[in-house]
Amino acid sequence: MYKSYAIEIGGKTLTVELGRVCAQANGAALMRYGDTTVLSTATASEKPRDGIDFFPLSVEYEEKLYAVGKIPGGFNKREGKASENAILTSRVIDRPMRPLFPKDYRNDVTLNNMVMSVDPDCRPEIVAMLGSAIAASISDIPFCGPCAMTQIGMIDGAFIVNPSQEEWDNGDLQLTVASTMEKVIMIEAGANEIPEERMLEAIYMAHDINQTINAFINRLVEEAGKPKHDYTSCAVPEELFAAMKEIVPPSEMEDAVFTDKKQEREENIRVITEKFEAALSEREEAEEWLPLLGEAVYQYQKKTVRKMILKDHKRPDGRAIDEIRPLAAEVDLIPRVHGSAMFTRGQTQICDVVTLAPLSEVQRVDGLDENIQTKRYMHHYNFPSYSVGETKPSRGPGRREIGHGALAEKALIPVLPSVEQFPYAIRAVSETFESNGSTSMASTCASCMALMAAGVPIKTMVAGISCGLVTGDTDDDYLVLTDIQGLEDFFGDMDFKVTGTHAGITAIQMDIKIHGLTRPIVEEAIARTKEARLYIMDEVMSKAIAEPRNEVGQYAPKIIQIQIDPMKIGDVVGQRGKTINEIIERTGVKIDITDDGAVSICGTDRKMMDKAVEMIEIITANFEAGQLFKGKVVSIKEFGAFVEFAPGKEGMVHISKISKGHINHVEDVLTLGDEVTVVCLGKDKMGRLSFSIKDVPKDKIN
């Protein structure tokens, strides 16, 4: 039965239509927020695939360009692979939704969000986030919702609930908060050095709004929700755990995992697993238990590590709860590149390389915004298999790599210089040399140093760190860990990443495996990350490079900017680009001209760059009598010679103005290709420039 519901959020009405479309999906909601329309569906398989040992959740965010009245570009006039924005939006939806499915559920689940119409005042991303939560909640899929999400922007110090696209792009805060009925379950933020206190204020403003939305979703479930279906539990039997503890006592498992070397720990677990296999194969339950052994060993490790941390305050590598692993930083690791740096934290090591280029090489992003956008700063992150001691072919960046690169990019954008200050396109590439926890935060640190080494005049230094969490049976029974390594991430409850400067936060990414965090946990995590990042900047990064270099490196392109009259852009470009191409060919530079007359000349040879500037200035000059030019004789007529003094610019020297003495023929004095100095006499009756050679001052003659 078709039902329509509405709620006001941030001064705009969200309408949810249930039962109108997609009746064969487990759950579907047609969402409207202003004129933004998103179809959200939730579907699940009837049973798990054979051999599956994880929860196969897929979250999709589909950008249909008809939503903004566009036809896709290129030869194939249909949407192709997901854009970076679509991938990042899918990840933001996934992070709060995944923990709310049962931990022993293994059926395939897909949450699909199709953007069908976009109102610039109502961002489709937030509609899709709410749509997924609603579709899963009203479906028959086991889901421990509700879960609501709100976005907060900030302009001139004032918070804005679910800002428009323009407010989102131009404000000082881009915050997304997801909440259950009691707790915050996900935080994603980009910020312009916002103090921790203001960030907490914004987070809990969103959390309060989420409670109203959660109550609304509960009403939908009561009136239109389906009973949750039964499923086959994949939980490990307690009898198997009891048998494993007889074979390998907890003390022996503690000894196996208690090491700061990842490879040593993995070898210890391999030996223990073989011991389990040998012992269990002789049991009557072998046929039932052996297929579950991998998950059982994982759970045994998890229980052991969590007990050691929470009850004994012992971390697997022996560190104190608030201790950071050994740190190292260096710059100029790679020769000839424009800037490079390496940051090492324990067994996590990132090498970052920065490349500078003219503004013509900015990235064009064609998405659901009404206008084609550009990205001047691009941060890319790579995670090869050798960084974790594995072997597999490289298939290009996956969603995780794109997400990690975007987080480091978001962290550094607030401190980048303006285009006017530094007219370059900038690309930073973080290569993961070694990984054992929080490579995205190491990427932020390495990238900051590489930018400074490349001579990018960033406003201030940025660092990042991650905190983890282990919780007990009550809200008050928990322990926050500073600088988590891989094992603490796998077996812990939280990965809370924060980047920032001395002044404030530039980015947050928080994802958890439990049903939310209390406010004291959030506050402690933010305080811990601040303390850690200040230490990293002051005691490690600043000792490798304290401030940006005064100029770009030897092998980086140099850029000269000049301003010309916009009315004379055509003179510089010439017919079909002939003039500008001639300048480029003669000097070897790159030239970019904007509509307002800003000209950027880019090259590595300063002499040739200066020559290009001189040519452009000559072409755009207001020619007046008495000006001197150097040029080449390009044509000889009976009445005189034509001299090219800049690409595409010629003036005539009458035969009477060639020599102080009388000459019968131009060829008596000039030949084609001669380099001469001429003085401008103004324009003749036909509007052509008139030059003289004989009137050039003696001290100016070649």
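By convention here, the first residue in the shown sequence is residue 1.
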Step through the shown structure and confirm whether more than 12 heavy atoms of other residues, nucleotides or ligands are within 6.0 Å of [atom1] on [X].
X	atom1	answer
E166	CD	no
F490	CZ	no
K77	NZ	yes

Do [X] and [Y] have side-chain heavy atoms sitting under 4.5 Å apart?
X	Y	result
F55	V109	yes
I126	I9	no
T232	K47	no
T529	E196	no
S139	K228	yes
F241	V236	yes
T150	V177	no
T212	I7	yes

Without swapping roles, check the side chain of [X] against the backbone of [Y] for a donor-acceptor pair under 3.5 Å.
X	Y	value
D94	S90	no
R364	E361	no
Q485	N436	no
E63	V115	no
R306	F491	yes
H515	P99	yes
K183	I514	no
E125	A86	no
K103	K513	yes
S385	E390	yes

How far apart are the C-alpha atoms of M186 and T176, what are their side-chain angles, what is the distance that settles it, and do they pass the side-chain contact (heavy atoms from CB on, under 4.5 Å) test? CA-CA 8 Å; M186 192 279 299; T176 303; 4.0 Å; yes

Show the nearest heavy-atom pair for residues [X] and [Y], with the distance to one decimal.
X	Y	value
S430	I350	CB-CG2, 3.9 Å
A206	I152	CB-CG1, 3.8 Å
A525	V480	CA-CG1, 4.4 Å
I155	G171	CG1-CA, 3.9 Å
F143	S137	CE2-OG, 3.6 Å
P146	I217	CB-CG2, 3.7 Å

From [atom1] ([X]) to [atom2] ([Y]), nearest 0.5 Å:
X	Y	atom1	atom2	value
I521	L479	CD1	CG	10.5 Å
L57	I93	CG	CD1	10.5 Å
K497	I187	NZ	CD1	12.5 Å
T432	Y386	OG1	OH	8.0 Å
N107	C234	CG	SG	8.0 Å
E409	I426	CD	CD1	11.0 Å

Test item: side-chain donor near acceptor, [X] and [Y], under 3.5 Å:
X	Y	result
D35	S117	no
Y231	D104	yes
D493	T471	yes
N214	S179	no
T506	T499	yes
Q165	D169	yes
Q151	N162	no

Please evaluate residues L412 and S447 with respect to the criterion side-chain contact (heavy atoms from CB on, under 4.5 Å), reporting the C-alpha separation (whole Å), side-chain torsions for both, the decisive distance (0.1 Å), and the verdict. CA-CA 8 Å; L412 288 157; S447 302; 3.5 Å; yes

Would S466 and D495 count as a side chain to side chain donor-acceptor pair (under 3.5 Å) if you check the C-alpha gap in whole Å, the side-chain angles of each, and the deciding distance to 0.1 Å? CA-CA 6 Å; S466 178; D495 186 3; 2.4 Å; yes

Salt-bridge contact [X]-[Y] (side-chain N to carboxylate O under 4.0 Å):
X	Y	value
R198	E201	yes
E188	R95	yes
D511	R98	no

Kindly determine whether M441 and L407 satisfy side-chain contact (heavy atoms from CB on, under 4.5 Å), including the steps that lead there. CA-CA 9 Å; M441 296 295 91; L407 177 58; 3.6 Å; yes

Distance to the ring centre below 6.0 angstrom and angle to the axis at most 45 degrees; does that hold for R20 and Y2? yes

Report yes or no: is the cationic atom of R519 (NZ for Lys, CZ for Arg) closer than 6.0 Å to the six-membered ring centre of Y204, at no more than 45° off its axis? yes

Mind checking whether Y105 and H229 have parallel, tilted or perpendicular rings, split at 30° and 60°? tilted

Please state whether the rings of Y5 and F216 are parallel, tilted or perpendicular, taking 30° and 60° as the class boundaries. perpendicular

Verdict with reasoning, F159 to L173, per side-chain contact (heavy atoms from CB on, under 4.5 Å): CA-CA 9 Å; F159 293 135; L173 177 64; 4.0 Å; yes

Review item, side-chain donor-acceptor pairs of residues 396-405, under 3.5 Å, at least two apart:
unit_1	atom_1	unit_2	atom_2	d
R399	NH1	V59	O	2.9
R399	NH2	E60	OE1	3.0
R400	NH1	Y381	OH	3.3
E401	OE1	G398	N	3.0
H404	ND1	R400	O	3.4

Name each donor-acceptor pair under 3.5 Å that joins a side chain in residues 22-32 to protein atoms two or more places apart or in another chain, with its distance.
unit_1	atom_1	unit_2	atom_2	d
N26	OD1	A44	N	3.1
N26	ND2	D140	OD1	2.9
R32	NH1	E17	OE2	2.8

